[in-house]
Amino acid sequence: MNKTQFNINQLVRQNVLGLKPYSSARDEYVSDGSKMIFLDANENPFENGVNRYPDPQQRNLKSVLAEQNGVAVQNILLGNGSDEVLDLLFRAFCEPKMDNIITLPPTYGMYKVLANINNIEEREVLLTNTFQPNVSDILDTVDRNTKLIFLCSPNNPTGNSFSEENITQILNKFDGLVIIDEAYIDFSSKKSWIEKIKTYPNLIVTQTLSKAYGLAGIRLGVCYASEEVISILNKIKPPYNVNELTQKRALKRVLDSDQVKIEVAKILEERKNLARILSQINFVEKVYHSDANFILAKVDDADKRYHQLLSMGIVIRNRSTQPLCENTLRFTVGTPEENEKLIKILKQL
Ligand SMILES: *Cc1c(COP(=O)(O)O)cnc(C)c1O
């Protein structure tokens, strides 16, 4: 398709197209910093730090993220974890019982769960043996009701990144929206696709503070896309979807990017060490290359090894039920001390 003719309004659900976003008290009056008396939102007036509603547009946090990522504030939507962001995409673009989406197993389980919740057909096109998207099969699976294709890169649970060529082909040849889930991008040597949202109006990039930023507990997901896509999502997001504590804590952390980099560098060092040692363990048959903070390994008997580790106090993820992942285990990279314990136990088994 000629992307200059791309028209997002042809992809939006009819009922969403006509919606006006709910206008909250905090939308109608935006503080300019001067001292005002707020009698507009039925809040309890006694200060305790969180008695006021949070900023529905999360302006402070977005402006830092915009600057760090070379985009405008209008290119960003924040959610209660990426899970909420992904759900908003279904609700904005997929008509229940009519539209469909494509996922590429083995991959993150939430795409399928959200498709099922929203009553959207999920079409699965397996990755190739090298865990790359099978572009021709994907394009053959697309029909006029295919709205979204989910690409997870680096992919969970395989750990690898998808090639630039494969992703570019999908972006160019698919008329719907392509979501690249970059939950693990900070652990990868590859560049983020964020800068390409200017080139591809059908590209949506999602990131999260749950992994490299160490804030899984506060729930903050980030969506980068064209202003047109973001304004559609803004129409349907709950007004106060990112709470005050989360906005404050996230802001503090993204401003402390040096500390994040230090932690990521340590995790990468540990990943390298763990991959090397795993490959020497006698029951490990293959260690897959990882661009993430976990390592997928093929073993002789995944159920047996999983339960052995569990009985020794170590919880990993058995990924054997996933296609192409028979007898695989996924190890998240822990602290040096945790990894040391894991290694000691692996060597004893
Ligand atoms: C962990 C993970 C996320 C994070 O989701 P949040 O809701 O932001 O915590 C998103 N995508 C993938 C592929 C993940 O593995």
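Both ligands and their constituent atoms are indexed starting at 1 by order of listing.
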Please name all residues satisfying side-chain hydrogen bond (donor to acceptor under 3.5 Å, both in side chains) with N293, sequence neighbours left out, ordered by chain then number.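 So N293 forms no side-chain hydrogen bond (donor to acceptor under 3.5 Å, both in side chains) with any residue.
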Not counting sequence neighbours, which residues clear side-chain hydrogen bond (donor to acceptor under 3.5 Å, both in side chains) with Q247? List them please.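 Result, side-chain hydrogen bond (donor to acceptor under 3.5 Å, both in side chains) vs Q247: none returned.
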Numbering as shown, the atoms of ligand 1 that approach [X] to under 4.0 Å (heavy-atom distance):
X: C152; value: 13 (C)
X: N156; value: 15 (O)
X: A183; value: 2 (C), 3 (C), 10 (C), 11 (N), 12 (C), 14 (C)
X: S210; value: 6 (P), 8 (O), 9 (O)
X: Y108; value: 2 (C), 3 (C), 5 (O), 10 (C), 11 (N), 12 (C), 13 (C), 14 (C), 15 (O)
X: K211; value: 1 (C), 2 (C), 3 (C), 4 (C), 14 (C), 15 (O)
X: G81; value: 7 (O), 8 (O)

Quick one about N241 and Q58 (side-chain donor to acceptor, distance below 3.5 Å, no hydrogens or angles considered), yes or no?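 Present: a donor and an acceptor within the cut-off.
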How about R330 and N156: does a side-chain donor come under 3.5 Å of a side-chain acceptor?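 Indeed, the side chains of R330 and N156 share at least one donor-acceptor pair under 3.5 Å.
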Which residue supplies the protein heavy atom nearest to atom 11 (N) of ligand 1, what is that atom called, and how far is it?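 The answer is D181 OD2, 2.7 Å.
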Starting from atom 15 (O) of ligand 1, which protein heavy atom do you reach first, and at what distance in Å?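 Going atom by atom, the protein heavy atom closest to atom 15 (O) of ligand 1 ends up being Y184 OH, 2.7 Å.
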Please state which part of [X] comes within less than 4.0 Å of ligand 1, counting heavy atoms only: side chain, backbone, both or neither.
X: E84; result: neither
X: R219; result: side chain
X: S82; result: both
X: D83; result: both

With a sphere of 6.0 Å drawn around CD of E124, does it hold more than 12 non-hydrogen atoms of other residues, nucleotides or ligands?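 Yes, because the 6.0 Å sphere around CD of E124 holds more than 12 heavy atoms from other groups.
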Do the numbers put R26 on top of the ring of F38, so that NZ or CZ is under 6.0 Å from the six-membered ring centre and no more than 45° off the axis?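 So R26 does make the cation-pi contact.
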Under 4.0 Å between a side-chain nitrogen and a carboxylate oxygen: does that hold for R91 and D87?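 Yes.
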Quick check: T208 and ligand 1, any N/O pair under 3.5 Å apart?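 Yes, there is a polar N/O contact under 3.5 Å.
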Within the distance-only criterion (no hydrogens, no angle test), does the side chain of N75 pair as donor or acceptor with the backbone N or O of V71 below 3.5 angstrom?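 Side chain of N75 to backbone of V71, a donor-acceptor pair under 3.5 Å: no, none is there.
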In terms of relative ring orientation, are Y184 and F187 parallel, tilted or perpendicular, with 30° and 60° separating the classes?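 The arrangement is tilted - the two ring planes meet at 30° to 60°.
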